[in-house]
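Remarks on the structure that follows.
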Amino acid sequence: MSEDFRFTLKTTDGDARLGEITMPRGQIRTPAFMPVGTAGTVKAMYLDQVRDLGADIILGNTYHLMLRPGAERVARLGGLHSLIRWPHPILTDSGGFQVMSLAALREIDDKKGVTFKSHIDGSVHHMSPERSIEIQGLLGSDIQMQLDECVRLPAERPEIEKSTEMSLRWAERCREAFGDQPGKAMFGIVQGGDIPDLRIRSARGLAGLDLKGYAVGGLAVGEPQDVMLDMLETTLPELPAQKPRYLMGVGTPDDILKSVARGIDMFDCVMPTRAGRHGLAFTRRGKVNLRNARHAEDLRPLDEESDCPAARDYSRAYLHHLVRSNESLGGMLLTWNNLHYYQYLMQGIRAAIAEGRYATFMAETQNDWARGDI
Ligand SMILES: COC(=O)c1ccc(CCNc2nc3cc4nc(N)[nH]c(=O)c4cc3[nH]2)cc1
């Protein structure tokens, strides 16, 4: 078992890349989709199921786990991997984004970091770049994210510039705090909003730190898809080709197809799990909203050709009943279906790149979605 973190770029098809990350806890086939396990659980799933669907790595959140059960407590309990019984790689987000989106923000200070009130009990917490890295270490995270500030769009240039410069300084502080941990990695996060020269400034600044991987942040925050894609086209050429690129919070299957085509290797998104709990199914023929009355007496399964029991063995009528009744099994089955579909899509993407037919695969997949659900 290799003791270090190594990314191998296997082949490319246009700007699409087929690769593999090797870490002590296992390998990550890229392009990869990382199911979100926010508070130490991929909601409504057993982690054995998540693994069986083909996930090589899951995501945890510093913000949630530091508040409950607490980072020091997780460490006392043996670390996140043994606590949740997931022996494979875990990537943890650093908390900056969750503080902005969930907590009552008290203060952001370049030197001290963020001060915020817990959305759980209102208690006040401080998180510096150093503390974020310390927490991720206590959790036992394999891929740790720098603490950053994700500016909500639309925003004016001065605000984006100030925030992007601060995130760059925090990247350096996180790299110092992370130090040299063979077998683990700390990724920087490119910011810069929707302003090309700030995206280039941020990417070049992080590239100069010679990090093990690079995330593209500050996107999937409400901007149109074409703006997100434009920012990828601006940012990715500035990042080292031999390091993995991770697009945070993305996305729909269409977002993923188009971002892979531009050179992204890793994705995470709550879409398949959260939408599943709200009755939305992702299938090879597009999306199916099981709340819709049209399914009430439809005895067909979601996809009779699927090898996922949730898609193949249950009628839409029953799924509709479960969703309308807000029964737990509804969210369980649709989460299972959706995570299966996302991993099925990633498998298809990797095979298509390997065989040099990614453009055709992308067009055929989008065409199947457009044909809609029969
Ligand atoms: C049903 O689906 C949903 O509810 C749903 C909700 C939110 C997103 C978008 C999530 N977007 C997003 N997550 C993100 C996480 C991030 N973390 C850090 N540290 N820095 C960032 O700059 C950052 C940007 C993000 N953008 C996607 C889907």
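We count ligands from 1, going down the list as the structure has it; atoms in each ligand are counted the same way. Every heavy atom of this structure was used, including side-chain atoms; hydrogens, water molecules and symmetry mates were not.
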Looking at non-hydrogen atoms alone, which of [options] comes nearest to [atom]?
{"atom": "atom 20 (N) of ligand 1", "options": "Ile189, Asp148, Thr92", "result": "Asp148"}
{"atom": "atom 5 (C) of ligand 1", "options": "Asp93, Val270, Leu280", "result": "Val270"}
{"atom": "atom 13 (N) of ligand 1", "options": "Cys269, Pro272, Gly249", "result": "Gly249"}

* **Heavy-atom side-chain contact between Ser259 and Met228 under 4.5 Å** =>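 Touching, per the 4.5 Å side-chain cut-off.
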* To do: Check whether any side-chain heavy atom of Tyr344 lies under 4.5 Å from a side-chain heavy atom of Ser306, and answer yes or no.
  => no
When you measure from [atom] to every protein heavy atom, which one gives the shortest distance, and what is it?
{"atom": "atom 9 (C) of ligand 1", "value": "Ala220 O, 3.4 Å"}
{"atom": "atom 4 (O) of ligand 1", "value": "Arg274 NH1, 3.1 Å"}
{"atom": "atom 24 (C) of ligand 1", "value": "Phe97 CD1, 3.7 Å"}
{"atom": "atom 1 (C) of ligand 1", "value": "Met271 SD, 3.7 Å"}

* To do: Indicate whether the side chain of Asp56 and that of Gln27 have a donor and an acceptor atom separated by less than 3.5 Å.
  => no
* Please check if any side-chain donor atom of His340 sits under 3.5 Å from a side-chain acceptor atom of Asp307, or the reverse. => yes
* contact_flag Gln191 ligand 1 heavy-atom lt 4.0 Å ->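 Yes, that is the case, since the closest heavy atom of the residue is under 4.0 Å from the ligand.
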* Starting from the C-alpha separation in whole Å, work towards a yes-or-no answer on side chain to side chain donor-acceptor pair (under 3.5 Å) for Gln191 and Ser202. => CA-CA 6 Å; Gln191 292 293 343; Ser202 180; over 6 Å; no
Where's the contact between [X] and ligand 1, heavy-atom distance under 4.0 Å: side chain, backbone, both or neither?
{"X": "Ala215", "result": "neither"}
{"X": "Leu219", "result": "backbone"}
{"X": "His278", "result": "neither"}

* Does Cys150, backbone or side chain, put an N or O under 3.5 Å from an N or O of ligand 1? -> no
* Considering distance alone, does some N or O of Gly218 sit under 3.5 Å from an N or O of ligand 1? -> yes
* To do: Take His320 and Asp298 through the test side chain to side chain donor-acceptor pair (under 3.5 Å) and record every step on the way to the result.
  => CA-CA 9 Å; His320 171 73; Asp298 187 341; over 6 Å; no
* Under the side chain to side chain donor-acceptor pair (under 3.5 Å) criterion, do Ser123 and Asp121 qualify, and how do the steps go? -> CA-CA 6 Å; Ser123 53; Asp121 61 12; 2.6 Å; yes
* Asked: Which atoms of ligand 1 sit under 4.0 Å from any heavy atom of Gly217?
  ->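 By the 4.0 Å cutoff, the relevant atoms are 21 (C), 22 (O).
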* To do: Just jot down the ligand 1 atoms closer than 4.0 angstrom to any heavy atom of Ser94, in number order.
  => 19 (N)
* For Glu107, does the CD atom sit with more than 12 other heavy atoms under 6.0 Å from it, leaving out its own atoms? -> yes
* **His119 and Tyr63 aromatic centres sub-6.0 Å** => yes
* Asked: Taking it one step at a time, do Leu302 and Tyr314 satisfy side chain to side chain contact (heavy atoms under 4.5 Å, CB included)?
  -> CA-CA 8 Å; Leu302 285 171; Tyr314 294 84; over 6 Å; no
